[in-house]
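What follows is one structure encoded as structure tokens, with my remarks underneath.
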Amino acid sequence: MNAPASVLVVGASAGGLAVAEALRREGYAGRLTLLGAERHLPYDRPPLSKKVLSGAMQPEGTLLRPATALASLEAELVLGDPAVRLDAGAREVATASGRSLRAEAIVLATGLEPRRLPGQEPWAGVHVLRTLDDALALRAELLAGPRLIVVGDGVLGTEIAATARGMGLAVTLVGPQATPLASQIGPQVGGYLARLHADHGVELRLGVGVEALVGAGGRASGVRLANGEVLPAEAVVVAMGSRPAIGWLAGSGLQLGDGIVCDSRCRAADGIYAVGDAAWWHHEGLGTGLRLENRTNAVEQGMAVAANLLGKDRPYTPVPYYWTDQFDAKIQVYGLLPAGAEVAIVEGDPARRQFVALYGSRGKVTGVVGWNMVKPARLRRQHVVDGTPWAEVVPTGAHVGRVGIASAARYG
């Protein structure tokens, strides 16, 4: 396979930039275009819910590369102009401003869009957090009012709750699960996270959903829970998860499902690839389709796609990985934590908030969670790579729990 004469990358965040940089690093000399929906230069998203929201990092600190490094890519950078339509057969993208961009190869890296409460849009004081502008708007709101309600008990919601509490706000975390992240890391480790938040003064309203926003004059003053309880606050942030930003691809000729459906090379169609949060691809090592929502995957997948564009023809088979920082806890997750997986603490002590937990399914280790044990968790990752038998690494008599009904990854 010859390298394409031109490559268009739709999405100018971590995954899209990784494609462009990997192509140039491997000597690609063709025409390269990076199309971004936002007006900002490519920036890092993980700091948004932590350092940017708290004020510890200024917006310029989130830039993935300085302007000089971007210039060295010799790529056309088209920012602030969202893609609105793709003709897969013609390999042509139309943008909101009326541009028509065509290339021999197209890489789709459009990421996620946040879920919202029904009727959320007209309300002032209600926020989501996906972009840099979202983070700055939410920060301004937090500086103006003493109370915040976080709707959503997943990674983003708990990170926002921890950051806002560290800023001195009265924070209430609302979510339908029995513990934070229960469907991702299981109720046992999720219970430790609930205690961490409670010990830092976060008020938990778990196991109940939000029925509606309440307020007057177009401004929210709180939420009404499904049990009828009304929680007051000056600001509400909705962090109920996200969905792949693929609506603009309807009618494109691509197969869409829980993301852009790709083969093991992350190829969605002839000459069209996908990377990052919106890519659902076949993982040959796991024998299943998979979609991962984290920065690590976006970058690694971007490099893999660049290699395939240049004729390497390699399947993308990563060990899934993500992390979250909340209060004084660094939590790392390696591998998959499928529904029904067994969970056992094999190192450290949860009472000291330093431990490693293994997750197993069908008699093998499938995942690792480390809590303030960075190196030991990384070393245990090898069990996931090797598919180590559960009985070999979990001591006889160890307490074994179970994961809930979902997974940290999207797969099936």
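Only this structure's heavy atoms are used, side chains among them; waters, hydrogens and symmetry mates stay out.
Every pair passing ring-ring contact (aromatic ring centres under 6.0 Å, His included) that includes a residue from residues 42-91 is listed here, sequence neighbours excluded: H40-Y43. Sorted by first then second residue, the side chain to side chain donor-acceptor pair (under 3.5 Å) pairs that include residues 56-80, not counting sequence neighbours, are E21-R65. Residue pairs meeting the salt bridge (charged side-chain N to carboxylate O under 4.0 Å, His left out) criterion with at least one member in residues 358-382, sequence neighbours excluded: E347-R380. Applying the ring-ring contact (aromatic ring centres under 6.0 Å, His included) test to residues at least two apart or on different chains, none of the pairs has a partner in residues 63-92. Identified under the salt bridge (charged side-chain N to carboxylate O under 4.0 Å, His left out) test for residues 268-279, with sequence neighbours left out: R91-D270, R130-D277.
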**Request:** Take D263 and H282, measure what side chain to side chain contact (heavy atoms under 4.5 Å, CB included) needs, and give me the verdict at the end.
**Result:** CA-CA 5 Å; D263 64 13; H282 180 72; 5.7 Å; no
**Request:** Tell me, with the steps shown, if Y359 and E342 meet side chain to side chain contact (heavy atoms under 4.5 Å, CB included).
**Result:** CA-CA 5 Å; Y359 291 67; E342 297 177 293; over 6 Å; no
**Request:** Show your reasoning for whether side chain to side chain contact (heavy atoms under 4.5 Å, CB included) applies to L8 and E104.
**Result:** CA-CA 8 Å; L8 167 63; E104 280 195 13; over 6 Å; no
**Message:** Run V374 and Q332 through side chain to side chain contact (heavy atoms under 4.5 Å, CB included) and show every step you take.
**Reply:** CA-CA 7 Å; V374 174; Q332 301 161 279; 3.7 Å; yes
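Note that the CD atom of Q354 and the CZ atom of R352 stand 5.5 Å from one another [nearest 0.5 Å]. To the nearest 0.5 Å, atom CG of residue L64 and atom CG of residue L70 are 8.5 Å apart.
Ring pair H197/F327: centre-to-centre distance below 6.0 Å.
Between E293 and R291 there is a salt bridge, since a side-chain N of the basic residue sits under 4.0 Å from a carboxylate O of the acidic one. Remark: R265 engages E284 in a salt bridge, criterion side-chain N to carboxylate O under 4.0 Å.
Proximity of a side-chain donor or acceptor of S252 to a complementary backbone N or O of L254 within less than 3.5 Å is detected. Under the 3.5 Å distance criterion, the side-chain polar atoms of R267 are left unmatched by any main-chain donor or acceptor of Y273. Side-chain atoms of H283 come within 3.5 Å of backbone atoms of P318 as a donor-acceptor pair (strictly under, hydrogens ignored). Under a 3.5 Å cut-off, the side chain of R139 and the backbone N or O of L53 do form a donor-acceptor pair. With hydrogens and angles ignored, the 3.5 Å screen pairs a side-chain donor or acceptor of R165 with a backbone N or O of L169.
Contacts of F355 classified as ring-ring contact (aromatic ring centres under 6.0 Å, His included), with partners at least two apart in sequence or in another chain: Y192, W371. In this view, T131 and D134 satisfy the side chain to side chain donor-acceptor pair (under 3.5 Å) rule, not counting sequence neighbours. For the side chain to side chain donor-acceptor pair (under 3.5 Å) test, no residue two or more places apart in sequence or in another chain qualifies with T317. In this view, V261 and Q255, W280 satisfy the side chain to side chain contact (heavy atoms under 4.5 Å, CB included) rule, not counting sequence neighbours. By the side chain to side chain donor-acceptor pair (under 3.5 Å) test, D328 is found to be paired with no residue, residues two or more places apart in sequence or in another chain being considered.
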Please list every donor-acceptor pair under 3.5 Å in which a side-chain atom of residues 77-86 meets a protein atom from a residue at least two apart or in another chain.
residue	atom	partner	partner atom	Å
D81	OD1	T95	OG1	3.2
D81	OD1	A96	N	3.3
D81	OD1	S97	N	2.9
D81	OD1	S97	OG	3.3
D81	OD2	T95	OG1	2.8
D81	OD2	S97	OG	2.5
D81	OD2	R99	NH1	2.5

Which atom pairs, donor and acceptor, lie under 3.5 Å between side-chain atoms of residues 146-159 and protein residues at least two apart or in another chain?
residue	atom	partner	partner atom	Å
R147	NE	E234	OE1	3.1
R147	NE	E234	OE2	3.2
R147	NH2	E234	OE2	2.7
D153	OD1	Q177	NE2	2.8
D153	OD2	Q177	N	3.0
T158	OG1	G154	O	2.7
T158	OG1	V155	O	3.0
T158	OG1	Q326	OE1	3.4
T158	OG1	Q326	NE2	2.9
E159	OE1	S49	OG	2.7
E159	OE1	K50	NZ	3.2
E159	OE2	K50	NZ	3.3
E159	OE2	T324	OG1	2.6

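At least one side-chain heavy atom of Y316 sits less than 4.5 Å from a side-chain heavy atom of N297.
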